[in-house]
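A short write-up of the structure that comes next.
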Amino acid sequence: MSLQAVMILILLVCMNATFGFYVYIRCCPREEVMIAMREDEYARFEDAVPPMKMLNPLGRRIALLTYASASASLLLISELYRNL
């Protein structure tokens, strides 16, 4: 297996992880990833990703994993295009 094939496989894993983390932080119960607040405050973020300052440690970890896997995907894409 060539180096480019391995990089493509890693790229697919990173893209899948990015999508999975994003969907989780977007669709999970708000009480699970956000700091404690009143119920009407949770409703404000029902259709949006909450800002980083509103996330609890679990939510921040998931958001950082999302950003890290998206960054790794972009780096792999740029490296693959550079080697064409």
Side-chain angles (χ1 to χ4, degrees):
M1 192 180 286
S2 70
L3 178 63
Q4 289 177 338
V6 171
M7 288 174 68
I8 290 171
L9 290 174
I10 294 171
L11 174 65
L12 290 173
V13 168
C14 287
M15 289 171 66
N16 192 16
T18 302
F19 179 71
F21 289 137
Y22 174 75
V23 167
Y24 183 77
I25 204 160
R26 172 83 189 231
C27 299
C28 74
R30 295 292 174 210
E31 296 83 14
E32 192 173 316
V33 294
M34 291 180 65
I35 58 175
M37 58 181 67
R38 294 187 322 263
E39 200 61 39
D40 59 336
E41 291 290 324
Y42 287 127
R44 285 184 39 209
F45 299 105
E46 191 63 36
D47 293 330
V49 176
M52 199 69 154
K53 68 179 181 178
M54 298 283 210
L55 297 175
N56 65 14
L58 174 66
R60 285 187 182 152
R61 189 175 305 131
I62 293 170
L64 290 175
L65 286 172
T66 304
Y67 299 146
S69 58
S71 299
S73 297
L74 291 174
L75 288 172
L76 283 167
I77 287 171
S78 67
E79 187 66 28
L80 285 169
Y81 277 122
R82 193 172 62 113
N83 289 332
L84 282 180

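Follow the hydrophobic side-chain contacts under 4.5 Å out from Val33 and you reach Tyr67 in the same cluster. Hydrophobic clustering of Ile, Leu, Val, Met, Phe, Trp and Tyr side chains at less than 4.5 Å, counting indirect connections, keeps Val13 apart from Met1. If you chain together hydrophobic residues whose side chains sit under 4.5 Å apart, Ile77 and Tyr22 never meet in one group. Val6 is connected to Tyr81 through a chain of hydrophobic side-chain contacts under 4.5 Å among Ile, Leu, Val, Met, Phe, Trp and Tyr, so both are in one cluster.
Side chains of Met54 and Met37 form a contact here, defined as non-hydrogen atoms less than 4.5 Å apart. Side-chain contact check for Thr66 versus Tyr24: every heavy-atom pair is 4.5 Å or farther apart. In this structure, Glu31 and Glu39 have side chains that are in contact, with non-hydrogen atoms separated by less than 4.5 Å.
Contact record, Thr18 with Ser69: OG1-OG, 2.8 Å, taken as the closest heavy-atom pair. Nearest heavy atoms, Ile35 versus Leu55: CG2-O, 3.8 Å. For the residue pair Phe45 and Pro51, the shortest heavy atom distance occurs at CE2-CD, 3.4 Å. Here the closest heavy-atom approach between residue Leu11 and residue Ser73 is recorded as CD1-O, 3.4 Å. Closest approach of Met52 to Leu64, counting heavy atoms only: CE-CD2, 3.7 Å. Minimum heavy-atom separation, Glu32 to Asn56: O-ND2, 3.1 Å.
With Asn83 contributing its side chain and Glu79 its backbone, the two residues share a donor-acceptor pair below 3.5 Å.
For the atom pair CZ (Arg26) and CZ (Phe19), the distance works out to 11.0 Å, reported to the nearest 0.5 Å. One finds the CG atom of Leu58 at 11.5 Å from the CZ atom of Arg60 (value rounded to the nearest 0.5 Å).
In this structure, Tyr42 has no side-chain hydrogen bond (donor to acceptor under 3.5 Å, both in side chains) partners at least two apart in sequence or on a different chain.
Enclosure of atom CE in Met15 is not indicated, since only 12 or fewer non-hydrogen atoms of other residues, nucleotides or ligands lie within 6.0 angstrom.
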